[in-house]
Protein chains: 2
Amino acid sequence: MSAPDRRRRMSTITDVAREAGVSVATVSRALRGLDRVSPRTRERVFKVATELDYVASPTATSLASGRTQVVGVVAPFLTRWFFATLVSAIEKTLRRHGHHVLLFDLEDEAYDRRLPLSQNMLWKRVDGVITLNLPMTDEELELVDRLGLPLVAIGTPVADRPNVRIDDAHAMRLATEHLVSLGHERIAYVGAVPSNVAHIQTPQARLDAFRDVMRSHGLAEHKQWILGSDWTADSAAHDTRTLLAAPDRPTAVAAASDEMAIGVMAAARALGLRIPEDLSVIGIDDHALSNVLGLTTVRQDVAAQGRQAAEILLQALGVDAPGGTATEVVVDTELVVRRSTAPPGS
Amino acid sequence: MSAPDRRRRMSTITDVAREAGVSVATVSRALRGLDRVSPRTRERVFKVATELDYVASPTATSLASGRTQVVGVVAPFLTRWFFATLVSAIEKTLRRHGHHVLLFDLEDEAYDRRLPLSQNMLWKRVDGVITLNLPMTDEELELVDRLGLPLVAIGTPVADRPNVRIDDAHAMRLATEHLVSLGHERIAYVGAVPSNVAHIQTPQARLDAFRDVMRSHGLAEHKQWILGSDWTADSAAHDTRTLLAAPDRPTAVAAASDEMAIGVMAAARALGLRIPEDLSVIGIDDHALSNVLGLTTVRQDVAAQGRQAAEILLQALGVDAPGGTATEVVVDTELVVRRSTAPPGS
DNA sequence: CTGAAAGCGCTTACAG
DNA sequence: CTGAAAGCGCTTACAG
């Protein structure tokens, strides 16, 4: 900006054509590796293009071809570990195949509300869309259809689009069974869904699975031990305090995410409870901090989910990329036992 | 994808012109709010545009105008809280002013190395660039100059481009002075720079400030108490273990970031040390988890830095946005005392 | 194998 | 205040 203006006129396809003594059509074909170009011509074009630092204008290419080589990635938040990790993996996968990420953070000031996707964001701007754990409204789905954009959903499924996720029920079953197998009977749960977001699948599926396991072992379910939360560590710590301070407190807590589990551990420690002696805590994710904090958890490979979603979308775009055209990918989860769980009163 | 193809032909400016009975030039002017259009004409054009669901093709607009309304945001990582928070704030600010974020995650497989920015990523793809704590090579700078792209740097400054950051030295001085004022004399430091990334300003500035404060109070500096780290909680925990297990361990640790401080706290607890009785720990950031973990820290407003950088860039792009044309913004920091610090042996 | 020409859908002087 | 026309820089049939 205050820097000296060293801006140069960038060369265009016409410059290359003139310099190489061929037509622009031939330059276009040669550079894009299409056939029907003689080896000698192609070589000469490449040489000239390099000399002139020629890079095709994506803007002109897009107008002519109708493709932008850009994928819209739509997230309800960005600052949470799960979403940032997905975006990072998607970006790297797409770039490796010549595509770019246009990012949309739909987080709104108001909790539990989000900005809607609009034609303005997508039309002639992206070739496809990846949603991150984001239920789509009918209007949004209609829009994406109308624009003819392929879509891949990570987490929360979207209509009958390809979907990449973990088995939420299975993950929570692993977590709960782990606590039960240690001998816990008084188990609380953090991460129930507020009724106004009941359309998001993950929280509901995890809660249902928790209940199933409890029931299958004949364990009592205390209504007041099922806690809601906005899925942050802060809120989990806050919401859980009263419960943990009570004399008849639970001996274990299953949290629907590691961030909430970390909040629960902190709340417990602040009350003088020892972990795992006085309270066992388990989460789901294997968050970047879980290892160091000694949190037992059910690990999911988030980056792998981002990678696979990107590959499926690339396939749909006709790009020669690895990965099949799978319509449903369920990524494995695994129990990782660390220091936050033990038999009750141990 | 497997969804029924409801794709519709989207209407173009020609459709609107025909329907409104005016020329495409008039439609263009009317819709963009340029003057020299009669109110009646403008109204009619708007009405028709709405009826036809007309949205100008960004791809055609870009080719004709030379502007893409897209800003490249370049990060060395995405999965760390600081960077994700910046990107989120930038995205929202830009979108509010009709601009979009094209995201580049330059993290490489190899630690301490990163992918280079190339003409391919930027040319006719973005109108400007925001770098997130990213030193630029001479080649990259030359490229950005050549393409005539305005650039705003957050954190690590870039040549003489506008820069938004905190005062790293001041932040670490606040942290260290806090420990000293509590009576600590045996203070270790985590977050020294590997020599191969010594060109990144933040780590060096914080370490220097720590040393200054120690010296100014006549406190001994133990060489083996200055620990390197890759700035993750895991590595901080690992690197700090030996130190904390020694009989002549420090009574306090100043970490150059909260994530590292969290690692130190975890390592200490794993060794049976109580915080803050046996060890005080302080960080810098006010990470999303710091509050719940009771970490004393020096808070920086990361979102504000993202917002301001975006506003400065918008100004440089000639967009009517708030914020001045400042060339250097230093955002305030403040000490936040929580439960991880106390007088030694308290 | 190669080129001339139309076309993608806008914006921008220039005339009037 | 409005329109005709050139131009942005490519890709894509179509001829040859």
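Below, chains carry the letters A, B, ... as their sequence lines are ordered, and counting in each starts from 1. No experiment lies behind these values; they were computed from the predicted model shown.
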Taking the nucleotide of DNA chain D with the closest heavy atom to each, which residue, B:Trp123 or B:Arg44, is nearer the 5' end?
-> B:Arg44
Toward the 5' end of DNA chain D, which comes first, A:Thr12 or B:Val37, by nearest nucleotide?
-> B:Val37
Gap between atoms [atom1] and [atom2], on [X] and [N] respectively (whole Å):
| X | N | atom1 | atom2 | value |
| --- | --- | --- | --- | --- |
| A:Asp15 | D:dG9 | CG | P | 9 Å |
| A:Leu63 | C:dG9 | CG | C1' | 6 Å |
| A:Glu43 | C:dT2 | CD | P | 13 Å |
| B:Arg125 | D:dG9 | CZ | C1' | 14 Å |
| B:Arg9 | C:dG7 | CZ | P | 14 Å |
| B:Asp127 | D:dC8 | CG | C1' | 15 Å |
| B:Lys124 | C:dC10 | NZ | C1' | 14 Å |

Salt-bridged, [X] to [Y], with N to O below 4.0 Å?
| X | Y | result |
| --- | --- | --- |
| B:Arg161 | B:Asp145 | yes |
| B:Arg95 | B:Glu91 | yes |
| A:Asp105 | A:Arg114 | no |

Is there a side-chain polar atom (N or O) of [X] under 4.0 Å from OP1 or OP2 of [N]?
| X | N | value |
| --- | --- | --- |
| A:Thr41 | C:dT2 | yes |
| B:Ser23 | D:dA4 | no |
| A:Ser38 | C:dT2 | yes |

Does A:Arg9 CZ have over 12 foreign heavy atoms under 6.0 Å away?
-> yes
Can you tell me if CD on B:Glu51 sees more than 12 non-hydrogen neighbours from other groups inside 6.0 Å?
-> yes
Judged by modelled atom types alone, do A:Thr59 and A:Ser62 share a side-chain donor-acceptor pair under 3.5 Å?
-> no
Taking a pair to mean Watson-Crick or G-U wobble geometry with both distances below 3.5 Å, C:dG3 pairs with D:dC14
Say whether, by atom type as modelled, one donor and one acceptor occur between the side chain of A:Arg146 and the main chain of A:Gln119 under 3.5 angstrom.
-> no
Assign a letter to each nucleotide of nucleotides 11-16 of chain D from its 5' end: B, base within under 4.0 Å of a protein heavy atom; S, sugar-phosphate only; -, no contact.
-> SBB---
